[in-house]
Amino acid sequence: VQLQASGGGLVQAGDSLTLSCQASGGSFSRYAVGWFRQAPGKEREFSAAISWSGDNTFYSDSAQGRFTISRDDAKSTVYLQMNRLNAEDTAVYYCGAVQPTHCSGIDCYNDEAEYVFWGQGTLVTVSS
């Protein structure tokens with residue numbers, strides 16, 4: 001499976017932005033997908049994940065209430081809608097895929113080592 005992240009850009013604080021993670025080359029609907037981000041000078045951190053069925057979603061504390069992850073298997077795409085962006089959200093955002101049924105809770109989804117495929121990242125810059 002190949003993943004292509006897109007949708008990043010330069011926005012103002014308080015704005016919204018939707019990222020897309022489009023898959024190709026495999027049975028995308030079988031995989032859970034997560035979004036991670038890496039701010040300048042910091043380690044990559046978990047933001048959100050969605051189960052393969054789409055029935056379960058998981059968020060970091062910073063994403064909870066502001067970000068919404070969703071998937072459209074017909075388009076082989078997972079979205080991350082980000083609202084009320086602030087300067088601390090500035091980062092390169094990466095999407096990754098987890099093998100089906102491998103994870104059941106956030107302690108698994110927030111572990112980079114559980115992801116078998118990664119996209120190339122898309123830069124989000126929030127100006128204050």
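Note that the structure is predicted; figures quoted are calculated from it, not measured.
- Remark: of the listed residues Leu85, Thr57, Asn83, Leu85 is the sole one forming a side-chain contact (heavy atoms from CB on, under 4.5 Å) with Phe67.
- A heavy-atom distance below 4.5 Å is not found between the side chains of Phe36 and Val92.
- Between Tyr109 and Ala32, the closest heavy-atom pair is CE2-CB, 3.5 Å.
- One finds the OG atom of Ser24 at 10.5 Å from the CZ atom of Phe28 (value rounded to the nearest 0.5 Å).
- To the nearest 0.5 Å, atoms SG (Cys21) and CZ (Phe117) are separated by 12.0 Å.
- Side-chain atoms of Phe58 and Ile69, non-hydrogen and from C-beta on, never get closer than 4.5 Å to each other.
- Using a 4.5 Å heavy-atom threshold, the side chains of Phe46 and Asp111 count as separate.
- Asp73 pairs by the salt bridge (charged side-chain N to carboxylate O under 4.0 Å, His left out) definition with Arg71, not counting sequence neighbours.
- Looking at every heavy atom in both residues, Gln22 comes nearest to Lys75 through NE2-O, 3.5 Å.
- Thr18 pairs by the side-chain contact (heavy atoms from CB on, under 4.5 Å) definition with Tyr79, Gln81, not counting sequence neighbours.
- Note that CG of Leu123 and CG of Leu10 are 9.0 Å apart. Values are rounded to the nearest 0.5 Å.
- Take Val124 and apply the side-chain contact (heavy atoms from CB on, under 4.5 Å) test, not counting sequence neighbours, and it matches Leu17, Leu19, Met82, Tyr93, Val126.
- Linking Ile, Leu, Val, Met, Phe, Trp and Tyr residues whenever their side-chain heavy atoms come within less than 4.5 Å leaves Val98 and Val78 in two separate clusters.
- The side-chain hydrogen bond (donor to acceptor under 3.5 Å, both in side chains) contacts involving residues 45-55 comprise Arg37-Glu45, Ser51-Ser53, Ser53-Asp55, where partners must be two or more places apart or lie in separate chains.
- To the nearest 0.5 angstrom, Asn56 atom CG is 11.5 Å from Ile106 atom CD1.
- Contacts classified as side-chain hydrogen bond (donor to acceptor under 3.5 Å, both in side chains) and involving residues 113-128 (residues at least two apart or in different chains) are given here: Gln12-Ser127, His102-Glu114.
- Across every non-hydrogen atom of Val1 and Ser27, the tightest pair is CG2-N, 4.4 Å.
- The salt bridge (charged side-chain N to carboxylate O under 4.0 Å, His left out) test applied to Glu112 returns Arg44, not counting sequence neighbours.
- Heavy-atom minimum distance, Val33 versus Cys95: CG1-CB, 4.5 Å.
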